[in-house]
K.L.:
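Mind having a look at this structure? Questions to follow.
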Amino acid sequence: MSTAPLSIPGFALVGCPNCGKTALFNALTGHHQKVANYPGVTVERKEGALTTPDGKTVRLVDLPGTYSLRGRSPDEAVTRDVVLGRLDGEPLPDALICVADATNLRLVLRLVMELKALNRPLILALNMVDIAKRQGCEVDVDRLSQELDIPVIPTVAVRRGGVTSLFEAIDQLADRAKAGPAGPVTWREPTSQEIRAAHKEAERILKACAFRPGDQRLTGRLDKVLLHPVWGLLILLAVLFLMFQAVFAWATPVMDGIKAAFDLLNTQIQAMMPDGLLRSLLTDGLIAGVGSVVVFLPQILIMFLFIILLEDFGYMARAAFLMDRLMGSAGLHGRAFIPLLSSFACAIPGIMSARVIENRRDRLATILVAPLMTCSARIPVYTLIISAFVPNRDVAGVMGLQGLVMFGLYATGILSALAVALVMKRLVWREVAEPFLMEMPAYKWPNPRNVLLGLWQRASMFLQKAGTIILAIMILIWFLSSFPGAPADAIEPAINYSIAGMVGHWIQPVLAPIGFNWQIAVALIPGMAAREVAVGALGTVYALSATGEEVGSALQPILAAQWSLPTALALLAWYIFAPQCASTLAVVRRETNSLRWPVALFLYMMVLAYSAAFLTYHIAEWALA
Amino acid sequence: MTQGWIALGVVVVAAAWLGWRALPRPLRRRLTGGKTGGGGCGCGCGD
């Protein structure tokens, strides 16, 4: 797995979930990170490199959060196996850095004692000491170090506080690692008696080294409002609402800039190159296709800006708590909130994170409804159609109509997921729900560096996708839309005579009842690879369909002129449900280890998509008649 | 004519690359001796 030379010492970051482990990893490694999966499992592996003040290079792995080495979920099992050197292809770490949340020391002490019993070089990074201080928690660092007999370094990972001291401690351990390999690691599952004894010892150390006031002041005061059954839900709705308004209101100037840049590029190429196939490939295929997808980058980044800020602030765990009752009423496990929330970014990590749910049927229910949550790939499709068909005006003087429609699409996705889960749990699996326990992290100000790093990762993933899969598909779409060429006496646009045109016309009768024309039929086929590809395909198909002055990079005015409102609404309804993502189906196949579930997922989503588009189209036609 | 040949070359490369990506991951891993390129789905999960 690791590509680093064996002479480079390898350290591993271990800690409970939400202790600021990843923020510390970012602070230590900066942007020198590689993200992949552990072999054979779908648990994310993050590795980075750092250089100590003495100039030593150290490899650092950020392990999934765990409360003990008795890992139950696949994530926790990976952490245990890496720490014990049992994971194939993953070298035994030369030293461990255990990250502790200073505001909740009780939670990590037993893990520290378990790690210490392994006789590996160990450092305790006492993170979030600033918040602990503000809350009135006092930790006697020297005494804690004495009691545990390991170095204890106070840190504030989000502000890189304490990083220098941690580097020095890493330096010393790196020397020890260089001096020679450590002996074998032995560990066995503790008995209940040993667990009780460890718990007692942790309590003793806690009493000796830490003072924690009963009142958590700011966190307590904020939670009284934010977790209130009525006010809390209203605030959550308002936050989500603001997010969707911002997606439209803030992104427009940057999107206009990107559009103008692609238009300029188009004009330059047309001025520089003589008319020919390569020029057509560049302008009609690449610029019209890839350009119409890339233009949505600002909206995707604004959406993620909100998600990252809310996560860093500590609000997401509260949102999970607020949603638990709603999800429970639909028969979903409380832990399903995390996979479903991840699915707002992409269903694939969402489906993979369903592994946090131990019960197989709860997990399957979550996996089967996760693709109904509105993933970022739907954003280009939604915003394209909304911008073309929904007027940009205020409703009741406070909210924009476009944002309101977007909010409605997201809400429909969520409600559909809950409704499908309810049907599955009522009709297919009837089981009593398991209780849901969750640790609420302390509130903290988001760190700009972490936010920027998160946005950078999102932007690079999106652009990488646009520059690889989408680019390649657009080249093929251009080819299929250009050949065979039109006959000499042709009166219609050349694309009508092409392979894509023929395929589109051939499929169109099936899609006619839901109001889709042949151009949409052509776009839906490559859209199976990834949803946003359909936007690029529409860009290319309409660029090649256009004649003379109609040709341009802006797809919105073309769609507004050529589609009816019922068709546009039907396509929106289609996209809420359609299983248009081959990668999602592949991941469901892998996660369920069966072909039955991806087939079931595909069929039920396809039936829902067609039915919803059919109803939407005919109701809209009837209403407008 | 030159434009046509270049365009055809680009199309062939794109089709070959997409065909390669469409192969099952274990098969790709076997054919390349471990490296598959990753990043197919584009969400950062490594697929």
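Below, chain A is the first sequence line, B the second, and so on; all start at residue 1.
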K.L.:
Test of understanding: with ring pair (Phe, Tyr, Trp, His ring centres under 6.0 Å), list the residues that count as partners of A/Phe304, not counting sequence neighbours.
P.N.:
none

K.L.:
Does any part of the side chain of A/Pro274, heavy atoms only, come nearer than 4.5 Å to the side chain of B/Gln3, both counted from C-beta?
P.N.:
yes

K.L.:
Looking only at heavy atoms, which two atoms of A/Leu277 and B/Gly4 are closest? And how far apart?
P.N.:
CD1-CA, 3.8 Å

K.L.:
Would you please name every residue forming a salt bridge (Lys or Arg N to Asp or Glu O under 4.0 Å) with A/Arg279, sequence neighbours left out?
P.N.:
A/Asp275

K.L.:
Is B/Trp5 close to A/Leu278 at the side-chain level, that is, under 4.5 Å between some pair of heavy atoms?
P.N.:
no

K.L.:
Are any of the side-chain heavy atoms of A/Ile469 and B/Trp17 separated by less than 4.5 Å?
P.N.:
yes

K.L.:
What heavy-atom pair brings A/Ala472 and B/Ala14 nearest, and what distance separates the two atoms?
P.N.:
O-CB, 3.9 Å

